[in-house]
Number of protein chains: 2
Amino acid sequence: MMRLTRRTEYGLMALAWLARAGGRFHSVREITENLDVPRRLLAEILKDLSQAGLVEAVRGPGGGYRLREDPGRLTLGRIVNVLEGPTIFAECYQGDCDLSPRCTIKRGIGEVARRLEAVLEDFTLEEVVHGPAGAPAPSPSS
Amino acid sequence: MMRLTRRTEYGLMALAWLARAGGRFHSVREITENLDVPRRLLAEILKDLSQAGLVEAVRGPGGGYRLREDPGRLTLGRIVNVLEGPTIFAECYQGDCDLSPRCTIKRGIGEVARRLEAVLEDFTLEEVVHGPAGAPAPSPSS
DNA sequence: TAAATTAGCACCGGTTTGGTGCTCTTTCAA
DNA sequence: TTGAAAGAGCACCAAACCGGTGCTAATTTA
């Protein structure tokens, strides 16, 4: 539990990189040259992020991806939600529990789930990029 | 991400039931008669909890399982840790990141992981049993 | 000794996950 | 108008993970 999939890690890395690179559009090729992540896979991931509206895509020469919004406004919760689907902390909690009619944890577990989700909602891409309490971010090597 | 496995849900249900049943030892048979969870699987789960020292086991007739400690002192974090192994939020965070030498999220992601783990450490079995803010727990039907 | 119980281990089928191949569409520039 | 540079879409594969079961000990009580 509580482990990001590779897709999400790759996606975060790309988003973080885009946040620092800023400005113009950056192609998958360019990103993977700076990040070494499997190229085709990252393409798939960015496509999803594009469909979800987190990044903007432009095709053709000079095209690529660009953040659609301010990194300080983009929460980890949204990103994870896009790349891994809606969080289902426990069957119990989602209302369609078929584990047991006599389940003993329905009550408490919902609160735990809410607290966890709140943490993810509380972090923004910007904070992921800059690290805890304003640690200096290395400048993009490109 | 952030989804309990069935093993953990079952384990929690059993622990919660044991917390309420209290006192003597309760066999897997007895527990599953009250919880309908696959018997053999719950046996496996309780064995793990026993090896980890969260419950006490006694074999033979009249034997079974019993909580080894106060439900108010047993954190969700420990339970999840036993049943799902140590939490690895991201490869990055555990020091052995092989995703990229130029990873851009190492810095920030650690803090997120710590916050998430803190939430789990903050909840105890007792709170899971009683639900948010002292909702009345149904008495065991046995 | 017989029955009740946990312990240990191997196994199986289905789903998820990481990753790739191939083709199509869009766009720009020569 | 043509060619190359990009993203879009879809199908596919191998490996890992997960829920669940079977079978056989080992331990304990009566």
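In this text, all values refer to a predicted model and were calculated from it rather than measured experimentally. In what follows, chains carry the letters A, B, and so on, assigned in the order in which the sequence lines appear, proteins first and then strands, with residues in each chain numbered from 1.
- Here D/dG7 presents its P atom at 12 Å from CZ of A/Arg24, a figure rounded to the nearest Å.
- The side chain to side chain donor-acceptor pair (under 3.5 Å) check on B/Asp122 picks up A/Arg115, with sequence neighbours excluded.
- Taking atom CG of residue B/Asp36 and atom P of nucleotide D/dG20, one finds them 12 Å apart after rounding to whole Å.
- Remark: B/Glu69 engages B/Arg78 in a salt bridge (Lys or Arg N to Asp or Glu O under 4.0 Å) (not counting sequence neighbours).
- Across the protein-nucleic acid pair, A/Lys47 atom NZ and C/dT26 atom P stand 16 Å apart, rounded to whole Å.
- In this structure, A/Tyr65 places its OH atom 14 Å from C1' of C/dT27, rounding to the nearest Å.
- With sequence neighbours left out, B/Ser50 forms a side-chain contact (heavy atoms from CB on, under 4.5 Å) with B/Val55, B/Ala57, B/Tyr65.
- Contact annotation: B/Gln51 does not reach the phosphate of C/dT6 (side-chain N/O to OP1 or OP2, under 4.0 Å).
- Under the side-chain contact (heavy atoms from CB on, under 4.5 Å) criterion, B/Arg39 pairs with B/Val28, B/Arg29, B/Thr32, B/Glu33, not counting sequence neighbours.
- To the nearest angstrom, P of C/dC28 lies 11 Å from CZ of A/Phe25.
- A salt bridge does not link B/Lys106 with B/Glu91: every distance from a Lys NZ or Arg NE/NH1/NH2 to an Asp or Glu carboxylate oxygen is 4.0 Å or more.
- Rounded to an integer number of Å, the gap from CD1 of A/Ile45 to P of D/dG9 is 16 Å.
- For C/dA7, the OP1/OP2 oxygens have a side-chain nitrogen or oxygen of B/Ser50 closer than 4.0 Å.
- Atom CE of B/Met13 is separated from atom P of D/dG19 by 14 Å (rounded to the nearest Å).
- Chaining together hydrophobic side chains whose heavy atoms lie under 4.5 Å apart places A/Phe25 alongside A/Val58.
- Listed by chain and residue number, A/Glu44 satisfy the salt bridge (Lys or Arg N to Asp or Glu O under 4.0 Å) test with A/Lys47 (two or more places apart in sequence, or in another chain).
- The existence of a salt bridge linking B/Glu117 and B/Arg114 is excluded, since no basic side-chain nitrogen approaches an acidic carboxylate oxygen closer than 4.0 Å.
- Atom CG of B/Leu18 is separated from atom P of C/dT6 by 11 Å (rounded to the nearest Å).
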Hey, what are the protein-to-nucleotides 14-20 of chain C N/O distances that come in under 3.5 Å?
unit_1 : atom_1 : unit_2  : atom_2 : d
C/dG18 : OP1    : A/Arg6  : N      : 2.6
C/dG19 : OP2    : A/Tyr10 : OH     : 3.0

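- Listed by chain and number, the residues in a salt bridge (Lys or Arg N to Asp or Glu O under 4.0 Å) with A/Asp70 amount to none (sequence neighbours excluded).
- Across residues 55-64 of chain B, B/Arg59, B/Gly60, B/Pro61 each have a non-hydrogen atom less than 4.0 Å from an atom of DNA chain D (numbered order).
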